[in-house]
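By convention here, the first residue in the shown sequence is residue 1.
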Amino acid sequence: MIEKDYDLLLKIFEKYYDSYEEMLDRVKDVENDSVIWSDSYLEFFPYQYALNQLKKPKIYKTEPESNEGIIVNRLKDGELYYSYDNENKGWGSVFVIKEEGMKLYLRFLNNDNDEIVLEQVYCVVFKETVIEKVLFYLKDVDLDGDEELNEETFLVDTYSYNSNESIDTIIRNGFYHESKNIVPTTTFRFEYVNEDIFIYTKQLKLNQMDVEKLRWKIKKSKIK
């Protein structure tokens with residue numbers, strides 16, 4: 001199954017690799033949208049920052065005086081569709097688009113030839129109304145054409161739910177930088193206690209005991 005997910009993301013990456021101008025054209029005439037300023041990119045799916053042990057973005061009530069380190073996030077009907085760095089609208093531009101049964105997060109960066117090309121893809125796959133899996137792909141292409149120096153990272157998070165349709169576990173597989181660097185299978189287990197959410201994690205490592213650790217604690221009242 002993981003090979004099919006990899007093939008899917010590779011096709012998406014190739015399809016949108018040099019589509020920056022096309023993506024920009026899609027968002028230029030959006031009307032009646034809203035803007036959120038932040039110091040890093042907004043979460044694309046629930047618990048994204050907790051799963052990856054990242055600090056949540058700081059949200060500004062009004063436009064900051066300085067552009068340095070500021071991300072402009074544009075939303076339509078409460079959903080993100082376009083983000084960009086306020087100092088450089090090309091570098092780090094993100095476009096969110098929907099395809100059948102999926103929602104894609106496409107992040108573009110300037111390469112060494114000053115071309116704006118796709119570098120990262122998140123793909124959220126839905127099963128009816130819930131997330132079935134989240135796929136991630138990053139590709140760093142060697143500009144001199146040496147394919148052996150290309151780096152790829154590919155991750156698959158597969159979701160399961162409890163009887164209340166709340167997330168029960170997420171199982172992560174994939175590889176970092178090259179296909180032979182396999183990620184030890186990681187399990188994220190969700191525990192709900194009163195108004196708090198606890199996320200525990202453990203990795204299946206060769207010749208080591210599985211030790212579950214508390215990865216994150218979230219106040220339920222703060223989840224939108």
Side-chain angles (χ1 to χ4, degrees), residues 1-20 22-23 26 40-54 56-57 71 73 79-83 92-109 111 116-141 147 150-161 165-190 199-204 215-216 223:
M1 183 60 70
I2 192 171
E3 290 83 3
K4 291 183 179 179
D5 293 328
Y6 173 78
D7 290 342
L8 170 64
L9 275 195
L10 200 59
K11 289 179 181 178
I12 291 172
F13 187 86
E14 292 171 349
K15 176 180 178 180
Y16 292 106
Y17 180 72
D18 57 359
S19 66
Y20 172 74
E22 176 189 343
M23 294 293 105
R26 286 190 182 195
S40 61
Y41 293 92
L42 302 181
E43 283 190 317
F44 179 53
F45 53 88
Y47 313 112
Q48 179 182 0
Y49 283 85
L51 295 175
N52 295 293
Q53 291 188 304
L54 298 174
K56 281 203 168 188
I71 304 297
N73 307 281
E79 290 192 25
L80 179 71
Y81 72 90
Y82 178 37
S83 294
S93 292
V94 169
F95 301 90
V96 176
I97 61 176
K98 294 181 179 179
E99 295 194 352
E100 185 177 357
M102 302 184 299
K103 188 160 64 170
L104 305 179
Y105 178 102
L106 310 172
R107 186 178 180 192
F108 292 79
L109 295 173
N111 61 22
I116 304 177
V117 295
L118 184 62
E119 186 184 65
Q120 296 180 17
V121 176
Y122 273 105
C123 175
V124 177
V125 180
F126 294 95
K127 184 176 182 180
E128 297 177 351
T129 60
V130 299
I131 295 175
E132 179 180 21
K133 64 182 74 172
V134 175
L135 315 178
F136 172 76
Y137 183 74
L138 180 151
K139 187 170 185 177
D140 185 6
V141 178
E147 293 189 2
N150 292 348
E151 291 187 350
E152 293 180 292
T153 293
F154 169 66
L155 300 173
V156 180
D157 288 355
T158 304
Y159 288 59
S160 63
Y161 297 85
E165 294 191 351
S166 297
I167 299 171
D168 182 51
T169 58
I170 297 173
I171 298 177
R172 173 173 293 175
N173 290 287
F175 59 82
Y176 280 110
H177 302 311
E178 52 183 330
S179 58
K180 67 180 181 181
N181 292 334
I182 302 298
V183 176
T185 298
T186 304
T187 300
F188 303 96
R189 181 177 64 85
F190 285 67
I199 303 177
Y200 295 88
T201 183
K202 65 179 179 179
Q203 284 190 327
L204 182 61
R215 190 181 189 96
W216 215 268
I223 299 299

(request) Measure the spacing between NZ of K139 and OH of Y17 and express it to the nearest 0.5 Å. (result) 8.0 Å
(message) Counting C-beta onward and ignoring hydrogens, is there a side-chain heavy-atom pair between V125 and V134 closer than 4.5 Å?
(response) no
(request) Indicate yes or no: at least one non-hydrogen side-chain atom of Y49 is less than 4.5 angstrom from one of P57. (result) yes
(message) Does either side chain, that of E152 or that of Y6, offer a donor lying less than 3.5 Å from an acceptor on the other one?
(response) yes
(request) Taking the side chain as every heavy atom from C-beta outward, state whether M23 and Y16 have any pair of such atoms under 4.5 Å apart. (result) yes
(request) Enter the distance from L9:CG to L135:CG here, rounded to the nearest 0.5 Å. (result) 4.5 Å
(message) Can you confirm whether F190 sits close enough to I170 that some side-chain heavy atom of one is under 4.5 Å from a side-chain heavy atom of the other?
(response) yes
(request) Check for a donor-acceptor pair, side chain of T186 on one end and backbone N or O of P184 on the other, with a separation under 3.5 Å. (result) yes
(message) Measuring only between side-chain heavy atoms, which start at C-beta, is T153 closer than 4.5 Å to Y137?
(response) no
(request) Look at the side chain of N173 and the backbone N and O of V156, then say whether any donor-acceptor pair between them is shorter than 3.5 Å. (result) no
(request) Would you mind reporting whether F154 and L10 have side-chain heavy atoms less than 4.5 Å apart? (result) no
(message) Let me confirm one number: the CZ-OH distance from F44 to Y122, rounded to the nearest 0.5 Å.
(response) 9.5 Å
(message) Just checking E165: does its CD atom have more than 12 heavy atoms from other residues, nucleotides or ligands closer to it than 6.0 angstrom?
(response) no
(request) Kindly compute the distance separating CD1 (I97) from CG (L104), expressed to the nearest 0.5 Å. (result) 5.0 Å
(request) Give the minimum heavy-atom separation between N73 and S83, together with the two atoms involved. (result) OD1-OG, 2.8 Å
(message) Nearest 0.5 Å, please: how far is CE in M102 from CD1 in I12?
(response) 4.5 Å
(message) Evaluate L118 against Y20 for side chain to side chain contact (heavy atoms under 4.5 Å, CB included), listing each step before the verdict.
(response) CA-CA 8 Å; L118 184 62; Y20 172 74; over 6 Å; no
(request) Show your working on side chain to side chain contact (heavy atoms under 4.5 Å, CB included) between D5 and K133 and close with a plain yes or no. (result) CA-CA 10 Å; D5 293 328; K133 64 182 74 172; 3.3 Å; yes
(message) Over 60° means perpendicular and under 30° means parallel, so tell me whether F108 and F95 are parallel, tilted or perpendicular.
(response) perpendicular
(message) Please evaluate residues F126 and I131 with respect to the criterion side chain to side chain contact (heavy atoms under 4.5 Å, CB included), reporting the C-alpha separation (whole Å), side-chain torsions for both, the decisive distance (0.1 Å), and the verdict.
(response) CA-CA 4 Å; F126 294 95; I131 295 175; 3.9 Å; yes
(request) Compare all side-chain heavy atoms of Y81 with those of R26 and state whether any distance is below 4.5 angstrom. (result) no
(message) Keeping T169 on the side-chain end and F188 on the backbone end, is there a donor-acceptor pair under 3.5 Å?
(response) no
(request) Check whether any side-chain heavy atom of Y161 lies under 4.5 Å from a side-chain heavy atom of V130, and answer yes or no. (result) yes
(request) Supply the atom-to-atom distance N52 CG to D157 CG, rounded to the nearest 0.5 angstrom. (result) 7.5 Å
(message) Would the distance check show the side chain of E43 and the main-chain N or O of Q48 forming a donor-acceptor pair, the cut-off being under 3.5 Å?
(response) yes
